[in-house]
K.L.:
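Have a look at this one.
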Protein chains: 2
Amino acid sequence: MDQIDLKILRLLQENARIPISEIGRLINMTGPAVNERVKRLEEKGVIRSYRAILSPAKMGKAVSAFILIQAERCETFAEFCGQSPDVEELHQISGQYNFLVKVVTESMESLERFRLACSKHGFTQTMTVLSTSFDSKGIALEK
Amino acid sequence: MDQIDLKILRLLQENARIPISEIGRLINMTGPAVNERVKRLEEKGVIRSYRAILSPAKMGKAVSAFILIQAERCETFAEFCGQSPDVEELHQISGQYNFLVKVVTESMESLERFRLACSKHGFTQTMTVLSTSFDSKGIALEK
DNA sequence: CCTGAAAATAGAACCGC
DNA sequence: GCGGTTCTATTTTCAGG
C-alpha cells in the first residue's frame with residue numbers, strides 16, 4: 001500500500017462511480033494498471049464496498065437519534081435491531097451502557113415506537129439528533 | 001419517485017459501481033432510460049454521493065469511540081471537530097449533552113489525545129466501541 | 001421510454017522492465 | 001513483482017423518434 005494506492009482510494013472514496021480510466025488520467029497511470037490496483041484493494045478488503053449515499057430526508061426519514069441501552073440479553077437485542085429497518089448502526093460499547101444504536105426513522109412518532117420496543121430489552125436513554133454538522137466524512141487519507 | 005426508482009436506488013445503494021446497463025437488465029429497462037432516472041435522482045438530491053467504503057482497520061484505524069460533550073462554545077467545538085481527521089460524524093443532540101462525536105482513530109493513545117483536546121471545550125464522556133454489529137446498513141427501501 | 005450509432009470504458013492477454 | 005501496449009466486448013452517451 002503506497003502513495004499511489006492512497007491517491008486511488010481518495011478518489012474512489014470521494015466518487016465511487018469515477019471511471020477507472022479517469023483515475024488513471026488524474027494520477028498518470030494507464031487504465032489496466034489502475035484496474036489491477038483497485039482489484040487488489042478490493043481483494044485485500046481495504047475497499048469494503050461501493051455505496052450510493054441517499055438523503056434520509058428525501059427518503060421520508062426526517063428524524064435521527066442515538067439510543068443508549070443497558071440490554072439484558074445482548075444476542076436477543078442485536079437480533080431485534082438487525083431486523084428493524086430503522087437501525088443504521090449498532091455498536092457494543094464500554095461503560096454504563098451496553099449498546100449504542102443509531103436510528104434513522106420517519107417521525108418522532110415512529111422513533112417513540114422504536115424506543116418503546118427497545119425499552120423491553122433494557123433501560124434506555126434517547127438522544128435525538130437536532131442537527132448533523134457532518135456524517136461519514138470518510139477516512140482521512142493523508143498524502 | 002416510483003417503484004422503479006426504488007429498485008434502482010436499492011441496487012445503487014448495494015453496489016454503487018454497478019453499470020447502468022446492468023441495472024437496466026435487472027429491471028427490464030434500457031440503459032438510457034435508467035441513466036435518465038439516475039441523473040434525475042442525483043439532481044433532486046435523493047442520491048447524495050457515491051462512496052467507496054474503506055475498512056478502518058486496514059487503514060490503520062483500530063479504535064472507534066463515541067464522545068458525548070457538553071461544549072461551552074458550539075461553533076468553536078464544531079470547527080475543532082471539522083479539522084480533526086479522526087472525527088467521522090458530529091451531531092448536535094438533545095438532552096444533557098450538546099454534541100455526540102464519532103471518532104475513528106489509530107489507537108487508544110490517539111483516542112486519549114483527542115479526548116483530552118475535547119475536554120478543553122467542555123465536560124466529556126467517552127464510550128469506546130468494543131464491537132460493531134453493523135454500520136451504515138443503508139436506508140431501508142421497501143419494495 | 002425506445003432504437004441505433006459513435007465515443008468512451010473495462011477487462012484480458014501479452015510484453016518489457 | 002510492476003506497469004505499459006494492444007485488442008475486444010461492453011458501456012455510456014446522444015441523436016432522433
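Both backbone and side-chain heavy atoms feed into the values below; hydrogens, waters and symmetry mates do not. By convention in this document, chain letters (A, B, ...) are assigned in the order of the sequence lines, proteins followed by strands, and residues within each chain are numbered from 1.
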K.L.:
Check for a donor-acceptor pair, side chain of B/E88 on one end and backbone N or O of A/G138 on the other, with a separation under 3.5 Å.
P.N.:
yes
K.L.:
Does one hydrophobic cluster hold both B/M1 and B/L12, with members joined at side-chain heavy-atom distances below 4.5 Å?
P.N.:
yes
K.L.:
Applying salt bridge (Lys or Arg N to Asp or Glu O under 4.0 Å), which residue pairs with at least one partner in residues 130-141 of chain B are found, sequence neighbours left out?
P.N.:
B/K102-B/D135
K.L.:
Please list, in 5' to 3' order, the outermost nucleotides of DNA chain C lying under 4.0 Å from any heavy atom of chain A.
P.N.:
C/dT9 to C/dA12
K.L.:
Rounding to a whole Å, what distance do you find between A/M1:CE and D/dG1:P?
P.N.:
17 Å
K.L.:
Indicate yes or no: does B/E112 engage B/R115 in a salt bridge with an N to O separation below 4.0 Å.
P.N.:
yes
K.L.:
Distance-only criterion, 3.5 Å: show the donor-acceptor pairs between side-chain atoms of residues 77-84 of chain B and protein atoms not counting sequence neighbours.
P.N.:
{"unit_1": "B/S84", "atom_1": "OG", "unit_2": "B/D86", "atom_2": "N", "d": "3.2"}

K.L.:
Could you tell me, to 10°, how much the axis swings from one end of the helix from C/dC1-D/dG17 to C/dC17-D/dG1 to the other, five pairs per end?
P.N.:
30°
K.L.:
Run the salt bridge (Lys or Arg N to Asp or Glu O under 4.0 Å) test against B/E72 and tell me which residues pass, sequence neighbours left out.
P.N.:
none
K.L.:
Along nucleotides 5-17 of chain D, 5' to 3', which nucleotides get a B, which get an S, and which get a -, given that the test is a protein heavy-atom distance under 4.0 Å?
P.N.:
BB----SSBB---
K.L.:
Is there a path from B/V63 to B/I67 through hydrophobic residues (I, L, V, M, F, W, Y) whose side chains come within less than 4.5 Å of each other?
P.N.:
yes
K.L.:
Per the salt bridge (Lys or Arg N to Asp or Glu O under 4.0 Å) rule, what does the pair list look like for residues 17-34 of chain A, sequence neighbours excluded?
P.N.:
A/E22-A/R25
K.L.:
Between atom CG of A/L41 and atom NZ of A/K39, what is the distance when rounded to the nearest 0.5 Å?
P.N.:
12.5 Å
K.L.:
Please name all residues satisfying side chain to side chain contact (heavy atoms under 4.5 Å, CB included) with A/S110, sequence neighbours left out, ordered by chain then number.
P.N.:
A/T105, A/E106, A/S107, A/R113
K.L.:
Side chain to side chain contact (heavy atoms under 4.5 Å, CB included) with B/I27: which residues, sequence neighbours excluded?
P.N.:
B/I4, B/K7, B/I8, B/L11, B/I23, B/M29, B/V34
K.L.:
Does anything in residues 42-51 of chain B reach DNA chain D, meaning a heavy atom under 4.0 Å, and if so which residues?
P.N.:
none
K.L.:
Less than 3.5 Å apart, which donor and acceptor atoms pair up between the side chains of residues 116-133 of chain A and the rest of the protein, not counting sequence neighbours?
P.N.:
{"unit_1": "A/S119", "atom_1": "OG", "unit_2": "A/L116", "atom_2": "O", "d": "2.7"}
{"unit_1": "A/Q125", "atom_1": "OE1", "unit_2": "A/Y97", "atom_2": "OH", "d": "2.9"}
{"unit_1": "A/T132", "atom_1": "OG1", "unit_2": "B/H91", "atom_2": "ND1", "d": "2.9"}

K.L.:
Can I get a per-line list of side-chain donor-acceptor pairs under 3.5 Å for residues 44-59 of chain A, giving both atom names and the distance, sequence neighbours left out?
P.N.:
{"unit_1": "A/Y50", "atom_1": "OH", "unit_2": "A/E42", "atom_2": "OE2", "d": "2.6"}
{"unit_1": "A/R51", "atom_1": "NE", "unit_2": "B/Q13", "atom_2": "O", "d": "3.1"}
{"unit_1": "A/R51", "atom_1": "NH1", "unit_2": "B/S136", "atom_2": "O", "d": "2.4"}
{"unit_1": "A/S55", "atom_1": "OG", "unit_2": "A/K58", "atom_2": "N", "d": "3.2"}
{"unit_1": "A/K58", "atom_1": "NZ", "unit_2": "B/K44", "atom_2": "O", "d": "2.9"}

K.L.:
A/D2 CG to D/dG1 P: how many Å, rounded?
P.N.:
15 Å
